[in-house]
Amino acid sequence: MSVTIAVAGNPNSGKTTLFNALTGSNQYVGNWPGVTVEKKEGLLIGHPEVVLVDLPGIYSLSTNSLEEEIARDYLLESNPDAIINIVDGTSLERNLYLTTQLAELGIPMVLAINMMDEVEKSGTRIDSKALGEAFGLPVVKISALHETQIDELTGAAMDVAQKNRRMLSVHRFSGGVEHTLGHIEEVVLHEQPEHKQRWYAVKLFERNELVEAELGLSAELKAHIEQDIRLCELEYDDDSDSIIASERYNFIEQLLERVSVRKKTGELSSSDRIDRIVTNRWLALPIFALVMFVVYYVSVNTVGASLSAWTNDKLFGEIILPAVSGKLVDWGVANWLQGLLVDGILAGVGSVLSFLPQMVVLFLFLGLLEFSGYMSRVTFILDRMFRKFGLSGKSFIPMLIGSGCSVPAILAARTIENESARRMTVITTSFIPCSAKLPVISMIAGAFFGGKGWVAFGAYFLGIAAVVISGLILKKTALFQGEPSPFVMELPAYRYPSLKCIFNTTWDRVSSFVKKATSVILLAAIVIWFLTYFGWVEGRFQMLEAGQINHSILAAIGTSIAWVFKPLGWGEWRPVMAALNGLVAKETVVSSFGIFYGFSEVAAGGQEMWMSLRAAFSPLSATSFLIFVLLSAPCIAAISSIRREMNSAMWTLFAVGYMTAFGYIAALIVYQLGTWLQEGVFTLWTGITLAVTGVVLWLIFRPSPQANGRLKRARAGSRG
Ligand code: GDP
Ligand code: MG
C-alpha cells in the first residue's frame, strides 16, 4: 500500500533540505499543473512505498496567494495520508501560525521542529511534549541540515498515517467564537465528515467565498450564518477574519510562554549584528551594489563569459562543428542533410548551450545568496521601490543579469515568490539590452551617430524606461491583480549555506533548462534553417547556393509583410528580414544586413556597410529600427525560457505579443512624431500616432481600477 506524506511549512523553514535528505536523489521535479510553482515528489529512502510531496512554502492558509491556493487544494483534494509540518525552531511564533491552520484540516499530522542545532546553540529550550499536547500531535525535534532525528520523524509520520490518527484536540478559540463555530457546524455542516467540519466552520466564519461555493450553500443558509457572524463581530468589535487571526496569535503567544524558554541575554544575535550593517539606511544600497557587482562581474563578465566564449568558439566552433562536418563529408552525406545538421541543429543548439557555463556560475552565486539569507534582505531593501511597478525587490537580479543575457535572467526570476511579480519580471526582463544586442547598437551608432557612447547609454535607458512604463501599465490590468504576498518583516537568520543545497538547486535549474529549452530550440533552428536555405530560383523550389538568400522563403515572407513596418520608416524587406532573423539570436541582425548588402564577412559593428545603411535609412528611421529591435520579441532561446517559466502557451504568447506591440508603438511614436517635428508635415499617420500616444499616456496615468479593493484586502490581511 502506498502512503503519501506532504511536507508543509513556511518558506525558509528547511522543507527542501528535509525533502532532499529524505528522498536522496529519488525525486521528481515538475510544475504544478498550469502554474510555475515547483512541484517536487520523491520516494522515501528505504521505503519505496512512501511518496513525499514538497508543497510550496507558505505563511498561512488564509490569503489567496497562488502558493497558498496550491497547497490548500493539494491538501484538501489529494487527501495525503499525513502532513509533516516543518517549523523553524528559531522563530516558532511566526511558524506556528500556519500550524494552527493546518491542524484544522483534519489530516493526520506530525510537527517537525527544525533547526534544533541553532536553537540549542542559542540556549533556548523547547518543551516538545507540552507543544504536542497543545496541538494533539506528535512532535519531533530535528535538524534537517545535519540529518538528526529524521528517521524518528518519518517513523512518526508513517505511524499517524497508518493509524489514520486525526487530530482531535485542536486548539480552541474563545467562547464567543467557538459558540458561533458550533452553530455554523450545526446549521450547515452536519452532513460533512466530522474531521472536516472544523476547517469548513472556520472558513465559513471568515466568509471564505471559495468554501461557500464549494459547499453550495443556499442563500437562505448563508443569510442564517451571516447573522451569527455579525453578532459575533459586534461582540468582539472586529471583522471575523481579524478575530480569527488575532486569536490564533494569542493562542501561540500563550502557548510559547509555556513551552519555550529563551536564555536571557542582553546582546544581539550575530544575525542582528550583520543586519545592523547590511540593512542600515545609508549602507544598504552601497553594500548591495557591491555584492551585485561582484556577482555580475564574476558570472557575466569574467569566469562565465570566458567559459561561454570557450564553449561557443572553441568547443562548438573549432572542435565539434568541423569534426562533424568533416565526418559528414567523409561519409558522403547529402548536401542538404549536412546543412540541416551543421547550420541548423548544431549551430542552433550550440548557441543555446554556450550560455550554459555562464548560467551555472550565476546560479551557484544566486544559490549562495538565497540560502545564506541575504536575498531576503535584498527584497527588503528594494521592495518598496520595485513594488510601484508591480515588480518585486528580487526583480532587480533578473534585470541585472539580463544585461548579459535574457535566458539566465528569465530563469533567475524563479526566486520571486509572488506570482504576479514573477510574471511581470519574466515579461519585462528582456527589454534590458542583452550583450547580443550590442552589435546592433554599435552598428546604428557608428553609421548614423558618429559611434557616440550616448547611443548605447540611451539603449539601456530605453530598456529601463520600458520596464517602468510596462509595470505602470500592466499592473492596473486584470491580469496582474494577484494578491501581493504579505510582506514578512521578520527576516530569517543568516546561515552558512549548505553546498549540497546550492548544488542541488543549481542542478535543478540548469538541467530543466537544458531539457526543455533544447527541444524548442531544436525545432526552431530546423524551421529557420529551412526558411533561410530553401527558396524559389527561376520558378523552381530548391536548396539555395551561397549568395542566393534573396530567393529564400524568409525573403518572400519579409517582402509580403514589409508594409506592416512602413509607418515605422523602414518598410522594406531587408530590415524586416534582419529584424526577423534577430529571433534566432540578436547578433544575427548585423550579419543579416551583411548578407543582404553583399558583404560575406562583416565586423561586429558592421563598419563595411555603413555607407549602404546611410543610403537605405535616415537617422530617424534607423533609430526607429533600433528601438524596434531592442524592445520587440527577444530571441528564441529567451522565448523558450519564457515558455518554461510561464508554463503556459497563452502567457508566452501574451509576453511575446506584448513586447512586440510595445516595440512597435515606441518605434512608431519616435518615427512619426520625429518626422512631424522635422518636416512640419501633418499626415494621417501623424494623427494616428498622436491618438496612440494619448492612449498610452492614459494607460500609464489612469487610476488603478482595483486600488480600492486592494486597500480593503490589504487592511483585512494586515493582521493575518
Ligand atoms: P525551504 O524554503 O523551506 O525549502 O528551506 P530550505 O530547505 O531552502 O532551507 C533554508 C535554509 O535553512 C538553508 O540555508 C538551509 O541550509 C538552512 N537549514 C535547513 N535546515 C537546517 C537545520 O536543521 N539547521 C540549520 N542550521 N540550518 C538549516
Ligand atoms: Mg524550498
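What's counted below: heavy atoms across the whole structure, side chains too, no hydrogens, waters or symmetry copies. As the structure lists them, so they are numbered: ligands from 1, and atoms in each ligand from 1. What you see is a predicted model; the values in this text were computed from it and never measured.
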**OP:** For residues Tyr97 and Tyr59, establish whether the separation of their ring centroids is below 6.0 Å.
**Re:** no

Original post:
Looking at Thr17, which atoms of ligand 1 are within less than 4.0 Å of one of its heavy atoms?
Top reply: 6 (P), 7 (O), 9 (O), 15 (C), 19 (C)

Subject >> ligand 1 to Leu145 polar contact by distance, N or O atoms, under 3.5 Å >> reply: yes

**OP:** Check step by step if side chain to side chain contact (heavy atoms under 4.5 Å, CB included) holds for Leu96 and Phe251.
**Re:** CA-CA 10 Å; Leu96 288 177; Phe251 168 77; over 6 Å; no

Subject >> ligand 1-proximal atoms of Ile142, by part, heavy-atom distance under 4.0 Å >> reply: neither

Original post:
Going through the distances and angles, do Ser91 and Asn95 end up as a side-chain hydrogen bond (donor to acceptor under 3.5 Å, both in side chains)?
Top reply: CA-CA 6 Å; Ser91 64; Asn95 280 251; 3.2 Å; yes

**OP:** Please tell me if the side chains of Leu382 and Phe288 come closer than 4.5 Å, counting only heavy atoms from C-beta onward.
**Re:** yes

**OP:** Quick one: look at Pro11 and ligand 1, take heavy-atom pairs under 4.0 Å, and tell me if it's side chain, backbone, both or neither.
**Re:** backbone

**OP:** Check each heavy atom of Asp117 against ligand 1 and say whether those closer than 4.0 Å belong to the side chain, the backbone, both or neither.
**Re:** side chain

**OP:** Below 4.0 angstrom from a heavy atom of Gly14, which ligand 1 atoms are there? Numbered from 1 as shown, please.
**Re:** 1 (P), 3 (O), 5 (O), 6 (P), 7 (O), 9 (O), 19 (C)

Original post:
Does Ser13 come within less than 4.0 Å of ligand 1, judged by its heavy atoms?
Top reply: yes

Original post:
Which residues satisfy the side-chain hydrogen bond (donor to acceptor under 3.5 Å, both in side chains) test with Gln149, sequence neighbours excluded?
Top reply: none

**OP:** For Ser143, take its heavy atoms, then give the atoms of ligand 1 lying under 4.0 Å from any of them.
**Re:** 22 (C), 23 (O), 24 (N)

**OP:** Mind checking whether Asn12 contacts ligand 1 via backbone (N, CA, C, O), side chain (CB onward), both or neither, at a 4.0 Å heavy-atom cut-off?
**Re:** both

Original post:
What do the steps show when you test Met399 against Thr429 for side chain to side chain contact (heavy atoms under 4.5 Å, CB included), and what is the final call?
Top reply: CA-CA 5 Å; Met399 303 281 163; Thr429 297; 4.1 Å; yes

Original post:
Less than 4.5 Å apart, any side-chain heavy atom of Lys40 and any of Asn20?
Top reply: yes

Original post:
Do Ser372 and ligand 1 have an N or O pair less than 3.5 Å apart?
Top reply: no

**OP:** Please work out whether any backbone atom (N, CA, C, O) or any side-chain heavy atom from C-beta onward of Lys15 is under 4.0 Å from ligand 1, and answer side chain, backbone, both or neither.
**Re:** both

**OP:** With heavy atoms of Asn10 as the reference, note each atom of ligand 1 found under 4.0 Å away.
**Re:** 3 (O)

Subject >> Residue list, side-chain hydrogen bond (donor to acceptor under 3.5 Å, both in side chains) with Thr425, at least two apart or on another chain >> reply: Ser395

Original post:
Quick one: are Asp88 and Asn10 in side-chain contact, heavy atoms under 4.5 Å?
Top reply: no

Original post:
In ligand 1, which numbered atoms sit nearer than 4.0 Å to a non-hydrogen atom of Glu118?
Top reply: 26 (N)

